[in-house]
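Below: the structure, in structure tokens.
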Amino acid sequence: MTARTRTAGTKAARPKVARRDWIEAAYGELAHAGERGVAITTLAARLGVTKGSFYWHFRDRPELMRALLDRWAHERTDEVLGLALGSTADPRERLRRIQALGREIAPIDRAMRLWAQDEPAAEEAVRHADRALLGHIAACLEDLGFDEEEARLRAQLMLRLWAGGYLVPGTDPDPRSRMLEILLGDAVR
């Protein structure tokens, strides 16, 4: 065996990183550090690869950011709402589940909403996801006996409460459950 063969055989193999691995790493970084924190160098270090791996899968950072928007929109509209709404016929329980899921996704939701302030594509993704969520919340409220206009207004209040809840610090660790009861009014009883 030559020295060259021994050296080649002892090199640590670089991990194989797929496009979805880059997207997942960027998604985590988006939730943690916001849109400006999604840096190719940081992601490459986290994945244990070189920046060249990034350019194998993406033309540039804007392409990665579009992939993040697609991933978020899919999760928000399909997976999250499917879990929250498809599991029970009770509209109160569906609203509670949407609320609970809102707490789980708060970091990425906050990052997306902040990004949407400066990026039209992110704004459209948030607007699209919110329309779907508002429709589901309003349907739950109509099932509870509110008329269409009242259900729409209460749905908007609920979404604003849930989406803005992480921006307003408070002493109660989770006042949203009590607020849900208040917004449902007589329908809770």
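Quick caveat: nothing in here was measured; it's all calculated off a predicted structure. Position 1 is the first residue of the sequence; numbering continues from there.
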Exercise. Any salt bridge between Arg71 and Glu75, counting N to O under 4.0 Å?
Worked result: yes

Seminar exercise, completed: Closest non-hydrogen contact found for Ala111 with Gly34 is CB-CA, 4.4 Å

Seminar exercise, completed: Sequence neighbours excluded, the answer for side-chain hydrogen bond (donor to acceptor under 3.5 Å, both in side chains) partners of Asp143 is Arg94

Problem set entry | Non-hydrogen atoms of Arg76 and Ala129 that approach each other most closely | CG-CB, 3.5 Å

Exercise. So if you build clusters from Ile, Leu, Val, Met, Phe, Trp, Tyr with side-chain heavy-atom gaps below 4.5 Å, do Val17 and Trp56 land together?
Worked result: no

Exercise. Looking at CG of Leu141 and CD1 of Ile137, how far apart are the two atoms once the value is rounded to the nearest 0.5 Å?
Worked result: 7.5 Å

Exercise. Between Arg97 and Glu93, does at least one N-O distance fall below 4.0 Å, as a salt bridge requires?
Worked result: yes

Problem set entry | Exam field: side chain Glu63 to backbone Arg59, donor-acceptor pair closer than 3.5 Å | yes

Exercise. Hey, is Arg113 close enough to Asp130 for a salt bridge, meaning N to O under 4.0 Å?
Worked result: yes

For this session: Dump the intermediate steps for side-chain contact (heavy atoms from CB on, under 4.5 Å) on Leu69 and Trp115, then the final yes or no.
Result: CA-CA 10 Å; Leu69 288 174; Trp115 184 17; 3.4 Å; yes

Problem set entry | Inter-residue atom distance Asp21.CG - Arg19.CZ, 0.5 Å rounding | 12.0 Å

Problem set entry | Check: Leu184 and Leu95 side chains under 4.5 Å, non-hydrogen atoms | yes

Exercise. What is the minimum heavy-atom distance between Ala138 and Ala155, and which atoms define it?
Worked result: N-CB, 3.8 Å

Problem set entry | Spacing of CD belonging to Glu150 relative to CZ belonging to Arg152, to within rounding of 0.5 Å | 10.5 Å

Problem set entry | Least distance between heavy atoms, Leu43 atom then Trp22 atom | CB-CZ3, 3.5 Å

Exercise. Charged N to carboxylate O under 4.0 angstrom, Asp70 versus Arg66?
Worked result: no

Exercise. Can you tell me if CZ on Arg160 sees more than 12 non-hydrogen neighbours from other groups inside 6.0 Å?
Worked result: no

For this session: Return the minimal non-hydrogen interatomic distance between Phe54 and Asp60, and the atom names on each side.
Result: CZ-O, 3.6 Å

Problem set entry | Pairs meeting criterion salt bridge (Lys or Arg N to Asp or Glu O under 4.0 Å) with involvement of residues 36-49, two or more places apart | Glu29-Arg46, Arg36-Asp118

Problem set entry | Side chain to side chain, Val126 and Asp109, heavy atoms closer than 4.5 Å | no

Exercise. In Å and rounded to the nearest 0.5 Å, what is the CD1 to CZ distance from Ile105 to Arg110?
Worked result: 12.0 Å

Exercise. Does any non-hydrogen side-chain atom of Ile98 lie less than 4.5 Å from one of Met158?
Worked result: no

Exercise. Distance from Ile40 atom CD1 to Ser53 atom OG, nearest 0.5 Å?
Worked result: 11.0 Å

For this session: Look up atom CZ in Arg92 and atom CG in Leu144, then write down how far apart they are to the nearest 0.5 Å.
Result: 5.0 Å

Exercise. Run the salt bridge (Lys or Arg N to Asp or Glu O under 4.0 Å) check on Glu24 and Arg20 step by step: do they pass?
Worked result: CA-CA 6 Å; Glu24 288 305 309; Arg20 73 179 171 281; over 6 Å; no

Problem set entry | More than 12 heavy atoms of other groups within 6.0 Å of Arg61 CZ | yes

Seminar exercise, completed: Note: Ile23 and Ala67 closest approach over all heavy atoms is CD1-CB, 3.7 Å

For this session: For residues Leu134 and Gln156, determine if any side-chain heavy atom of one lies less than 4.5 Å from a side-chain heavy atom of the other.
Result: yes

